[in-house]
Number of protein chains: 2
Amino acid sequence: MGRPREFDIDEALERAMQVFWERGYEGVSLTCLAKAMGITKPSLYAAFGDKKELFRRALERYTEGPADYGMRALEEPTARAVAEAILRGAVRTTTRPGGPEGCLGVQGALASSEVGRPAHDMLVEWRNSSALRVEERFQRAVDEGDLPRDADPRRLARYIMTVAFGIAVQAASGLGRDELQDIADTALECWLPNRTRD
Amino acid sequence: MGRPREFDIDEALERAMQVFWERGYEGVSLTCLAKAMGITKPSLYAAFGDKKELFRRALERYTEGPADYGMRALEEPTARAVAEAILRGAVRTTTRPGGPEGCLGVQGALASSEVGRPAHDMLVEWRNSSALRVEERFQRAVDEGDLPRDADPRRLARYIMTVAFGIAVQAASGLGRDELQDIADTALECWLPNRTRD
DNA sequence: CGAATTCCGTACCGATTGGAATGGAATCTT
DNA sequence: AAGATTCCATTCCAATCGGTACGGAATTCG
């Protein structure tokens, strides 16, 4: 009941995600955000609450959209394939032609003032929980005999995630897709035996 | 001639560097900056020019201070030792007890609005030139026979720097020194034969 | 000592920040 | 059609942003 909204809330959120991805949390004002979303500030406020709530929604959308390679990678059959999928996904996502360079989870709010703290904390948690899921997947690989019994899942997961985050930083520094894939390949060269590079 | 300044300009710059390191360029206001430096805004403005000039000075000081491991690493005798020194330095600097966690070159302004562009550009250039110097060092290693003739110095350098930047991100996510050193060790395990871990 | 010079502190500048109040327009249920 | 409800647009809010104008305090040179 009542007057229906004149904008598509999903499309508006998509725009918001793009802008946050490109400029970070504190790097965008509500005014700029509203303009990019094609709506006015009150509409934004009514539909999404405040700025940090909008950011949370955008981060959620990012996780299930551009960064869904993370979840899908965990379904690969071997630890090696998981690692490959993560790094390959990181390369592709941080250099996708349509979108901003880099990773929202890294760019968003690495450093922040007090007002940027909510986004900062969300992203720290986002990065750490990602690493944790990879670790759990690698633990399963050890249990299954896919990884050697003496392998350290946490250490391997942290290594892969570190390279992935480093790739995001390098993408923000202007490196291209091929160069980043080279880096990913280098990181994988030392990985356990069954190399299956495409 | 004239009234002498009542604060130590070197110490003030040190404070500024610390704050930029911790909160990034846009994350600190001039007011907060001046307070941390123990001086007033007009004094700051008179001594350092505007905010981006102060940031430039702070970045300079960072390069020659906490991040001097980068330059010193290049003087190591072998490529392997260079790589080790870089990663070890990254670990130590991003987790030094006294200072902020992470790396000024990474934290400062990965993502930025228009007003943060100067810092953003400075840091992109800083990261890229760091990688370039490592590449040149590795090229020398190839020339000297320290690295195999078919090694790709650029690729190796980018890999090492990617891991180093990734370490900085992880430090900002709260990982401790030992955990980061584990990551560095893992990254080096695949490195060429002569492992000389301490 | 006195003039010139430089620095410090306060108080303030216009612009922009995240957020909200208000009122009219559009749609639902009754 | 009437009332209730929801949305949109303008306008405004106190606070803060980076950056200054100005007057008094401290120092050196003459």
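Treat the numbers as computed from the prediction; the structure is a model and nothing was measured. Order of the sequence lines fixes the chain letters, A, B, ..., with proteins taken first and strands second; residue numbering starts at 1 for each chain.
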Whole-Å distance separating the NZ atom of B/Lys35 from the P atom of D/dG18: 13 Å
From the options D/dC8, D/dG18, C/dG18, select the nucleotide whose nearest atom is closest to the side chain of A/Thr40. D/dC8
Rounded to whole angstrom units, what separation is found between the CG atom of B/Asp50 and the C1' atom of D/dC17? 14 Å
Picking from C/dG19, C/dT10, C/dC8, which would you name as closest to the side chain of A/Lys51? C/dG19
Value in whole Å for how far the P atom of D/dG18 lies from CD of B/Glu53: 16 Å
Heavy-atom nearest nucleotide on DNA chain D taken for B/Pro4 and for B/Leu30; more 5' hit belongs to B/Leu30
Taking CD from B/Glu26 and P from C/dT16, how many angstroms apart are they, rounded to a whole number? 15 Å
At less than 4.0 Å, is any side-chain N or O atom of A/Ser43 found next to OP1 or OP2 of D/dC7? Yes or no. no
Is any NZ, NE, NH1 or NH2 atom of the basic residue among B/Lys51 and B/Glu26 found under 4.0 Å from an Asp or Glu carboxylate oxygen of the other? no
Distance below 4.0 Å between B/Ser29 side-chain N/O and D/dC17 OP1 or OP2: yes
Upstream residue (5' side of DNA chain D) when B/Glu6 and A/Gly38 are each assigned their closest nucleotide: A/Gly38
Please check: side-chain N/O of A/Arg127 versus main-chain N/O of B/Gln170, any donor-acceptor pairing under 3.5 Å? no
Separation of C/dG19 atom C1' from A/Phe48 atom CZ, nearest Å, is 16 Å
Regarding B/Glu53 and B/Arg56, does a basic nitrogen lie under 4.0 Å from an acidic carboxylate oxygen? yes
Between NZ of A/Lys52 and P of C/dT17 the distance, given in whole Å, is 18 Å
Provide, to the nearest angstrom, the distance between the CG atom belonging to A/Leu54 and the C1' atom belonging to C/dG19. 14 Å
Charged N-O contact under 4.0 Å between A/Arg140 and A/Glu144: yes
Looking only at side-chain N and O atoms, does B/Tyr45 come under 4.0 Å of OP1 or OP2 in D/dT20? yes
Among the candidates D/dT20, D/dG19, C/dC8, find the nucleotide nearest to the side-chain atoms of B/Arg5. C/dC8
How long is the line joining CZ of B/Phe7 and C1' of C/dC7, in whole Å? 9 Å
Establish whether the base of D/dG19 is bridged to the side chain of B/Lys41 by a donor-acceptor pair shorter than 3.5 Å. yes
Salt bridge present between B/Arg154 and B/Asp152 (N-O < 4.0 angstrom): no
